[in-house]
Amino acid sequence: MKKRTMIRASVAAALLGAGAVAMAQDNVFKIGLILPMTGQQATTGRQIEAAARLYMAQNGDSVAGKKIQLILKDDTSLPDVTRRLAQELVVNDKVNVLAGFGITPSAMATAPIATQSKTPEVVMAAATSSITEASPYIVRTSFTLPQVSVALADWAPKNGIKKVVTLVTDYGPGIDAEKYFKERLQFNGGQVTDSLRVPLRSPDFAPFLQKVRDSKPDALFVFVPSGAGAAVMKQFLERGMDKAGIRLIATGDVTDDDQLNDMGDGALGVVTSHHYSAAHPSAANKKFVEAFSKANKGLRPNFMAVGGYDGMRVIYEALKKTGGKGGGEALLAAMKGQIFESPRGPVFIDAQTRDIVQNVYLRKVEHKDGQLYNVEFDVIKDVKDPGKAK
Ligand code: DHB
């Protein structure tokens with residue numbers, strides 16, 4: 001072969017190769033999954049990753065002729081890192097969807113990127129009410145703190161709890177929980193006598209709990225993010241708060257299924273309100289818990305896992321509906337209005353707010369099959385985020 005012919009042939013081969021790559025790329029649907037895999041929120045990352053992989057194992061990795069590629073990134077729960085990773089995933093990897101977001105600041109940091117690039121942002125964990133208002137491209141499959149806190153403020157005064165001190169982590173979801181619990185309790189004739197806030201990073205609950213013990217309310221209402229509940233429970237019991245006649249009531253983030261079984265019998269009787277319990281008595285949930293546990297060395301799924309599992313479902317169904325055509329706008333449209341049975345119960349993605357509408361359950365920690373579980377004893381059906389009503 002002459003030199004020129006050789007060059008031409010190799011250029012042609014290179015072009016052909018590039019074409020094949022481009023074609024292969026066209027047939028790939030990329031989900032950029034940004035989670036805290038290390039650091040303070042690592043259990044959230046572990047739960048959501050496991051749930052996303054379970055969903056893919058059960059439903060296949062090819063949808064509407066596209067191969068699903070999950071690109072997992074660890075943001076260590078630092079919002080500056082989340083922002084950089086989201087930018088790289090959109091610009092370099094050209095992901096079709098951004099998903100995950102372990103804490104509110106991470107979901108918020110990504111919102112402008114979702115808007116500018118018209119990429120759907122599926123929030124699977126973070127739960128401050130206002131998140132869905134930060135970008136029209138955000139869809140949420142987790143929950144909101146107002147959604148779950150109000151139910152407990154309705155239950156408490158009917159059960160002898162009138163005077164309450166609130167203790168929350170000092171950022172978006174905690175401030176939401178504090179506000180909506182307090183407003184509703186007061187509406188019901190109860191009273192919040194003190195509102196305490198602990199820092200998100202390296203919280204020490206001891207000085208706050210001592211203060212509560214001294215003021216002797218009927219109950220202490222707590223919100224802390226997933227992963228911090230065991231420390232609250234331990235210090236509550238160590239200080240003999242329960243023996244002093246102060247009841248612990250909380251959002252389900254505190255009696256987190258990821259940690260509950262290790263909290264010990266001191267947790268028995270704690271009443272919480274939340275959207276998911278691993279003990280939810282439905283066939284769909286039994287199947288989910290068994291499969292999740294089997295795939296993850298006996299790990300019990302928590303509410304983060306269910307947010308991740310349902311988030312994948314919302315993405316898969318949107319892709320099925322659009323056949324991968326029409327880009328981010330079409331995908332987003334196909335995410336809105338989805339109705340399905342989640343392991344948590346029936347859910348609905350409100351087309352107007354892009355937020356999840358779901359049942360909220362009142363639960364009590366009890367023994368079941370020799371383990372500790374949040375056993376549901378009441379349900380408020382189809383709860384919309386009250387934070388959106390204003
Ligand atoms: C958030 C994080 C959590 O771990 C949780 O349980 C609830 C809310 C958040 O940052 O929005």
- prompt: What are the two closest heavy atoms between T43 and G227, and how far apart are they?
  reply: OG1-CA, 4.1 Å
task: Side-chain contact test, heavy atoms from C-beta onward, threshold under 4.5 Å: evaluate it for R313 versus T141 and give yes or no.
output: no
query: Do you know the tightest heavy-atom contact between K216 and I246?
result: CA-CD1, 4.2 Å
- request: Give the ring-plane orientation class for H275 versus F303, where under 30° counts as parallel, over 60° as perpendicular and anything between as tilted.
  value: perpendicular
task: Give a yes-or-no answer on whether the side chains of S277 and N374 include a donor-acceptor pair shorter than 3.5 Å.
output: no
- request: Could you check K211 against D214 for salt bridge (Lys or Arg N to Asp or Glu O under 4.0 Å), going step by step and ending with a plain yes or no?
  value: CA-CA 5 Å; K211 213 174 157 209; D214 295 341; over 6 Å; no
- request: Could you check S77 against R201 for side chain to side chain donor-acceptor pair (under 3.5 Å), going step by step and ending with a plain yes or no?
  value: CA-CA 11 Å; S77 86; R201 307 286 170 197; 3.2 Å; yes
- request: Step through it carefully: locate the ring centre of Y55, locate the ring centre of Y316, and say whether they are under 6.0 Å apart.
  value: yes
- prompt: Considering only heavy atoms from C-beta outward, does the side chain of Y309 approach that of M124 to under 4.5 Å?
  reply: no
task: Answer yes or no on whether K368 is positioned over the face of Y373, meaning its NZ or CZ is under 6.0 Å from the six-membered ring centre and within 45° of the axis.
output: yes
- request: Flag the pair N359 / P346 as yes when at least one side-chain heavy-atom distance between them is below 4.5 Å, and no otherwise.
  value: yes
task: Flag the pair F143 / V148 as yes when at least one side-chain heavy-atom distance between them is below 4.5 Å, and no otherwise.
output: yes
query: Would you say the side chain of S117 lies within less than 4.5 Å of the side chain of V91, judging by non-hydrogen atoms?
result: no
- request: Tell me, yes or no, whether the heavy-atom count around F377 atom CZ, taken from other residues, nucleotides or ligands under 6.0 Å, exceeds 12.
  value: yes
- prompt: Given the rule in the salt bridge (Lys or Arg N to Asp or Glu O under 4.0 Å) test, do K162 and D218 qualify, once you have shown the distances and angles that lead to the verdict?
  reply: CA-CA 6 Å; K162 294 268 153 72; D218 299 325; over 6 Å; no
Any side-chain heavy-atom pair of L145 and V168 under 4.5 Å: no
message: Can you tell me which residue among D385, V123, D355 is in a side-chain contact (heavy atoms from CB on, under 4.5 Å) with T132?
response: D355
- request: Could you go through the salt bridge (Lys or Arg N to Asp or Glu O under 4.0 Å) check for E183 and K179 one step at a time?
  value: CA-CA 6 Å; E183 279 179 10; K179 177 172 186 277; 3.6 Å; yes
query: Looking at side-chain heavy atoms only, is the closest gap between E88 and K73 below 4.5 Å?
result: no
message: Determine whether a donor-acceptor pair (N or O, by modelled atom type, separation under 3.5 Å) exists between the side chain of D204 and the backbone of A206.
response: yes
query: Are side-chain N/O atoms of T144 and S129 paired as donor and acceptor at under 3.5 Å?
result: no
- prompt: What pair of heavy atoms forms the shortest contact from G308 to I48, and how long is it?
  reply: CA-CG2, 3.9 Å
field: Salt bridge flag under 4.0 Å for residues K234 and E238
entry: yes
query: Quick one: do K388 and D350 make a salt bridge, cutoff under 4.0 Å?
result: no
message: F101 vs D75, test: side-chain contact (heavy atoms from CB on, under 4.5 Å). Steps then yes/no.
response: CA-CA 9 Å; F101 311 104; D75 69 0; 5.6 Å; no
task: Taking the side chain as every heavy atom from C-beta outward, state whether H367 and L372 have any pair of such atoms under 4.5 Å apart.
output: yes
- request: Show your reasoning for whether side chain to side chain donor-acceptor pair (under 3.5 Å) applies to Y276 and N285.
  value: CA-CA 10 Å; Y276 180 68; N285 186 50; 2.7 Å; yes
